[in-house]
Amino acid sequence: MSDTFGSLVGKDVVVELKNDLSICGTLHSVDQYLNIKLTDISVTDPEKYPHMLSVKNCFIRGSVVRYVQLPADEVDTQLLQDAARKEAMQQKQ
Amino acid sequence: GKMADEVEQQQTTNTVEEPLDLIRLSLDERIYVKMRNDRELRGRLHAYDQHLNMILGDVEETVTTVEIDEETYEEIYKSTKRNIPMLFVRGDGVVLVAPPLRVG
């Protein structure tokens, strides 16, 4: 999974947290725990939540993420499916 | 020999042996996902892993809430839907994965 995110570094994503906060930003990096670093962030949705106006970059602990909205045209679904089949096979060993 | 056959079975099996194999059968198919906090997803399964992290395409999320009427105390169920073209879902929120529910 972190390989998939790795290929999306530099793209814009929206991270939705379990506390319902949604953060839009450019994907800077991801690690094995799916911790995420975003740059140039903004709070999407009606800005009813912390106006993080002065915050440019952030580190998000993977465990607090509910969803990450990905740019559909940057994702090769065929490649993803093949990788998932392969990963599933490797897990069984 | 027998050992080689067993190894081959593990590496290239098309049979369903464990629960995650059932999910493998749903790759590139539309699925239904029940999540925590009264959320449901319907979308096309593009990827998954052993944690049940998933990547779904063409997703519809339904969030269901209950309001209690102050006077009648009746339960009013409301649902909010939204569409997301491509979505990563963290596995720790997933409760159930199934083929799409068909009504009627």
Side-chain angles (χ1 to χ4, degrees), chain A residues 1-9 11-25 27 30-36 38 44-46 60-93, chain B residues 6-31 33 35-41 43-61 63 65 80 82-95:
Chain A
M1 275 289 164
S2 63
D3 291 343
T4 307
F5 277 99
S7 69
L8 290 168
V9 164
K11 307 290 186 286
D12 289 341
V13 297
V14 181
V15 182
E16 182 175 322
L17 306 184
K18 290 178 172 139
N19 66 355
D20 290 342
L21 181 57
S22 282
I23 305 174
C24 175
L27 186 63
V30 173
D31 67 14
Q32 55 176 315
Y33 306 108
L34 302 182
N35 295 326
I36 293 168
L38 293 179
T44 67
D45 268 358
I60 302 169
R61 195 184 205 276
S63 62
V64 310
V65 172
R66 179 187 292 138
Y67 304 133
V68 182
Q69 296 177 38
L70 308 172
D73 44 11
E74 303 283 354
V75 162
D76 184 335
T77 57
Q78 194 57 56
L79 220 65
L80 271 184
Q81 289 167 21
D82 294 341
R85 276 186 204 97
K86 215 168 150 193
E87 200 176 332
M89 286 301 156
Q90 286 169 352
Q91 268 305 119
K92 286 158 75 84
Q93 291 170 1
Chain B
E6 279 172 18
V7 169
E8 206 211 313
Q9 236 258 316
Q10 277 172 24
Q11 284 172 344
T12 60
T13 186
N14 294 324
T15 62
V16 173
E17 286 164 346
E18 50 176 46
L20 284 178
D21 293 332
L22 268 179
I23 301 187
R24 174 163 51 84
L25 296 181
S26 294
L27 272 174
D28 202 30
E29 303 287 339
R30 291 197 71 80
I31 56 166
V33 181
M35 297 190 58
R36 302 179 71 184
N37 298 119
D38 302 307
R39 287 164 195 263
E40 300 163 287
L41 300 175
R44 184 170 302 272
L45 181 65
H46 292 304
Y48 72 98
D49 66 12
Q50 72 272 30
H51 306 294
L52 257 43
N53 293 326
M54 294 185 280
I55 297 184
L56 300 176
D58 246 323
V59 184
E60 182 196 68
E61 181 204 39
V63 183
T65 56
T80 313
R82 66 177 162 146
N83 287 88
I84 304 154
M86 191 67 64
L87 190 69
F88 164 82
V89 181
R90 191 173 165 90
D92 58 11
V94 174
V95 166

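What's counted below: heavy atoms across the whole structure, side chains too, no hydrogens, waters or symmetry copies. Nothing here was measured: the structure is a model prediction, and the numbers come from that model.
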Would you check if the side chain of B/Arg90 reaches a backbone N or O of A/Gly62 as a donor-acceptor pair within less than 3.5 Å? yes
Top contributor to chain A interface from B/Arg36, B/Arg82, B/Arg44 [non-hydrogen pairs under 4.5 Å]: B/Arg82
Partner chain B: residue of A/Leu79, A/Val65, A/Asp73 with the largest heavy-atom pair count (under 4.5 Å): A/Val65
Contact part of B/Leu45 toward chain A, heavy-atom cut-off under 4.5 Å: side chain, backbone, both or neither? backbone
So which part of B/Leu41 gets closer than 4.5 Å to some heavy atom of chain A, the side chain, the backbone, both or neither? side chain
Distance from B/Arg39 atom CZ to A/Tyr67 atom OH, nearest 0.5 Å? 5.0 Å
Sequence neighbours excluded, the answer for ring-ring contact (aromatic ring centres under 6.0 Å, His included) partners of B/Phe88 is A/Phe5
Table please: side-chain donor-acceptor pairs of residues 81-89 of chain A below 3.5 Å, with sequence neighbours left out.
unit_1: A/Gln81; atom_1: NE2; unit_2: B/Asp28; atom_2: OD1; d: 3.0
unit_1: A/Gln81; atom_1: NE2; unit_2: B/His46; atom_2: ND1; d: 3.0
unit_1: A/Asp82; atom_1: OD1; unit_2: A/Arg85; atom_2: NH1; d: 3.3

Please round to the nearest 0.5 Å and tell me the distance separating atom CG of B/Leu56 and atom OG1 of A/Thr77. 12.5 Å
Would you give the length of the straight line joining atom CD of A/Gln91 to atom CZ of B/Arg24, rounded to the nearest 0.5 angstrom? 13.0 Å
Do you know which of B/Ile55, B/Leu20, B/Ile84 has the most heavy-atom pairs with chain A at a distance under 4.5 angstrom? B/Ile55
Need one label for A/Glu16: side chain, backbone, both or neither, based on atoms under 4.5 Å from any heavy atom in chain B. side chain
Within residues 47-54 of chain B, contacts to chain A at heavy-atom distances under 4.5 Å involve B/Ala47, B/Tyr48, B/Asp49, B/Gln50, B/Asn53, B/Met54
Can you name the side-chain contact (heavy atoms from CB on, under 4.5 Å) partners of B/Thr65, sequence neighbours left out? B/Lys78
Interface moiety of A/Ser63 toward chain B, non-hydrogen atoms closer than 4.5 Å: both
